[in-house]
Protein chains: 2
Amino acid sequence: MQSHCVRSVLCTLKRPPRRETRALQPPSRHRGTSSGDDPHGVGRFMQLCVDRHYVSPGHTNTELFQRGVSCVYGPLGVELRRNLLEQWWRSVTRSSAQVFGINTLCRSRDTATGGRGQLGIVESGCLKHLIEKHELSKEQLIQELEKLIQRSTSLRTDFLQGALEQFVPSLDLVNRKLPFGLAEFGPCFRPSDAEVTQTSLAWFCSPRTSSQWLDHWAQQRLKWWRKFALSPSDFSSIDVPAEELEEATSRGVRIVYSFPWGREPLETLWSRGHTELLQTHKGVHSKLQCRDGRKSVPHVVSVTGNMDRGVMAFLCNSLQQLKKEDGMQKLLRRKVLKLHPVLAPVKVALDIGRGANMELRQVRSTSERIISCCGLTRVSVSMRCRYDEMGVLFAVVVSENTLESGLLQVRSRDTTIRETKHISEIKNFLSRYISAADNL
Amino acid sequence: MQSHCVRSVLCTLKRPPRRETRALQPPSRHRGTSSGDDPHGVGRFMQLCVDRHYVSPGHTNTELFQRGVSCVYGPLGVELRRNLLEQWWRSVTRSSAQVFGINTLCRSRDTATGGRGQLGIVESGCLKHLIEKHELSKEQLIQELEKLIQRSTSLRTDFLQGALEQFVPSLDLVNRKLPFGLAEFGPCFRPSDAEVTQTSLAWFCSPRTSSQWLDHWAQQRLKWWRKFALSPSDFSSIDVPAEELEEATSRGVRIVYSFPWGREPLETLWSRGHTELLQTHKGVHSKLQCRDGRKSVPHVVSVTGNMDRGVMAFLCNSLQQLKKEDGMQKLLRRKVLKLHPVLAPVKVALDIGRGANMELRQVRSTSERIISCCGLTRVSVSMRCRYDEMGVLFAVVVSENTLESGLLQVRSRDTTIRETKHISEIKNFLSRYISAADNL
């Protein structure tokens, strides 16, 4: 079966990729110049995301993407979001702060909140069943419907409620000492049919420090977003104006991204006091008191991010359009998706030269093994003309020459410089490059 | 803020952990011997999972866990499931086979399937709104309910439908060459209120090879489960009997785990033919044909896993009860959760000796930094009497001695041997240990 796979990859080399022509001539509705019918270049940006397999095609789907809610991502978008979530998880659970991961169910029968943070649903099968009972009078039908509503389950709209519920069992892990946090990420649901990939940190601290902690986390989060940015100043934080404060919150900070069409929030931090925590635990102070010197009920700072919009922000932020003239005075436009090395979904692509023979295939599969050991994803060779637009960090070329010398050509996305390296160096070179970028 | 955190960790040392007493004297309903009221030791096993923060407390919750559906996990359970899913993702997307990650939405408005793989839902808010319209006659009410059902959205019950839909856009990535796969994981929903963390691989191959591929993947998957097992023979594969074949499937294989109370399926593989793929794309052969020499519509092999039951299987599989006599002829029972190093949620715990002074704190925070660089999670010191039951791989003890010599004591969960190591060696030692276990 093994050789079967390798063969399938090699064969793709013989024909030109099918969609390149289309990609070079984008559909006319996206051809507008920056001052024309696509004023912010949004159409062209969306088309690039689709063509380079970040977002799955279809108008409805790209609309979801642009709204900053979950859409169907393409394979590269899936990896980008995974990388982003992984980085978030690390930054939160492996910081010097005590943060534990928790999980709540997407759908539950809990009614502790009286509906806050939840979206009641009824299975339409049950409803159909009721309608078919023709013998029911209107009053009986309404009664049955009411019963159905009472038995309805809920989809979570955020993670806060889950964190408030998990506060008590977690006290044991920290021996009732503040501060500590509970973190979670995953899909959350909104009325109508939207869902959002949310991240959530609920931070429990003593009442007198909650405002300081809000500032601390706002600063940490902004630093995190900027760490992965090509142009960090597009990310900024703003205080939530007093008139927009939510119930039970005393202060708020938003991390926003300046999209070409305007600013949109990526993450929101609230100082929430202890009202909701008390409510969740039915006002039983004794269960909630912590050993912070004063036996007080902790205050909650909530940090909620939208990682679907985060994916869009980083794609937007890292797209560079470079113009240069070639020898013939022809203006070349080169688009490069300069995603941060740790976020880039494809770290390295492996190309094999023409005239592939049996030995060459073996070198290819050896190189592939080396690279995949390194924890790096490869990509189908049919895409090699578009590596820069896909954000592929390095392209490695295996040629007939490699057979004798063991040398490979390594091209960098960011410098476009080609270096010759020995096959045995590649793994170390790549992992050093990525971890250096991570530690910057 | 930094010093604040460190202080909070240190203070926990001064008082004994609160729940140890309880853990040593499990509640009477779980005290039964293996031949008594807890014949398979299920109750004691569940209690351990709760006490050691794998599963959140509460009878309803442990019942979900035992049924093999998603429950609310504790912080250690969250990490264990994350590690398991990460290993699955790697094994599937970084194998020599061409597999791309995709994602579908939990909730959608698609009706391409006529309801297969989906669970129709109606928001109970809309229903309430209808009931409150007192002026409606019974007929009008029924009409309105029917409209509501027509506009209902669906929760996914599996990932197959999404993969079948993403087949066409993915053809571009592989230049229409078979075989290739589409992978996804996340929550899927069942009627009533259960949800399951599913993994899914949809493998598209030429019709003449589909049976071979089913065998290939069944073998790969069994190997994967056994890789992380303490007792691999508890995992096995069985052919699905002819009478249990589902519609549209021609052959099936199940990977099962032998729990103390019986065998339960962890993963199911089906050879599905092309009926559903054709149905999804409205029978348009031309869109689906691939270049496998015969321009045929591919067959689908589906591989669907339940990672919630997977978590339970590995917890069950790795729990060892050791008996030994101490010097006083007293029988000691020692429970060790020998989770595979890559799955263990806490790789290393850091203990600080008594008489903590300022310098000792500094050593602690240095060691902590070293360890967290290494990508390892730490745990609250209040739990240190229970490291073995939590499956913590190594416990590192920082003592006053460390200040002068730089030496730490490292205790292994599996050998119980204590070794003295220099602080500078720790990071390498741990990462070598874990990656060695990974490559076995």
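Note that the structure is predicted; figures quoted are calculated from it, not measured. Every chain is numbered from 1 and lettered A, B, ... according to where its sequence line falls, protein lines coming before strand lines. Both backbone and side-chain heavy atoms feed into the values below; hydrogens, waters and symmetry mates do not.
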### Task
For residues B/H134 and A/K138, report the shortest heavy-atom separation together with the two atoms involved.
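Nearest pair, atom of B/H134 first, then A/K138: O-NZ, 3.1 Å.
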
### Task
Determine the minimum heavy-atom distance between B/V78 and A/W89, stating which atoms define it.
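Looks like CG1-CH2, 4.0 Å.
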
### Task
Evaluate whether atom CD of A/Q140 has more than 12 neighbouring non-hydrogen atoms of other residues, nucleotides or ligands under 6.0 angstrom away.
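Yes, CD of A/Q140 has more than 12 neighbouring heavy atoms, counting only those of other groups under 6.0 Å.
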
Pick whichever of [options] has the most heavy-atom pairs under 4.5 Å with chain B.
{"options": "A/R81, A/E184, A/R107", "answer": "A/R107"}
{"options": "A/T60, A/V72, A/N439", "answer": "A/V72"}
{"options": "A/P191, A/G74, A/S70, A/P75", "answer": "A/P75"}

Closest-packed option against chain A by number of heavy-atom pairs under 4.5 Å, given [options]:
{"options": "B/G162, B/S56, B/G125", "answer": "B/S56"}
{"options": "B/Q166, B/E146, B/R151", "answer": "B/Q166"}
{"options": "B/L141, B/L148, B/V122", "answer": "B/V122"}
{"options": "B/L64, B/V168, B/I149", "answer": "B/I149"}
{"options": "B/C106, B/C71, B/A183", "answer": "B/C106"}
{"options": "B/L136, B/L130, B/L182", "answer": "B/L136"}

### Query
Do A/E195 side-chain atoms and B/L105 backbone N/O form a donor-acceptor pair below 3.5 Å?
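Between the backbone of B/L105 and the side chain of A/E195 there is no qualifying donor-acceptor contact (under 3.5 Å).
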
Find the distance between [atom1] ([X]) and [atom2] ([Y]) and round it off to the nearest 0.5 Å.
{"X": "B/H53", "Y": "A/I102", "atom1": "NE2", "atom2": "CD1", "answer": "13.5 Å"}
{"X": "B/N103", "Y": "A/E79", "atom1": "CG", "atom2": "CD", "answer": "11.5 Å"}
{"X": "A/I142", "Y": "B/K133", "atom1": "CD1", "atom2": "NZ", "answer": "12.5 Å"}

### Task
State, yes or no, whether a side-chain contact exists between B/E86 and A/R82 at a heavy-atom distance under 4.5 Å.
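Of all side-chain heavy-atom pairs linking A/R82 with B/E86, at least one is under 4.5 Å.
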
### Query
So do the side chains of B/I121 and A/T153 get within less than 4.5 Å of each other, counting heavy atoms only?
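Side chain of B/I121 against side chain of A/T153, heavy atoms only: no contact under 4.5 Å found.
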
#### Entry: Side chain, backbone, both or neither of B/F180 within contact of chain A (heavy atoms, under 4.5 Å)
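For B/F180, no heavy atom lies under 4.5 Å from chain A.
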
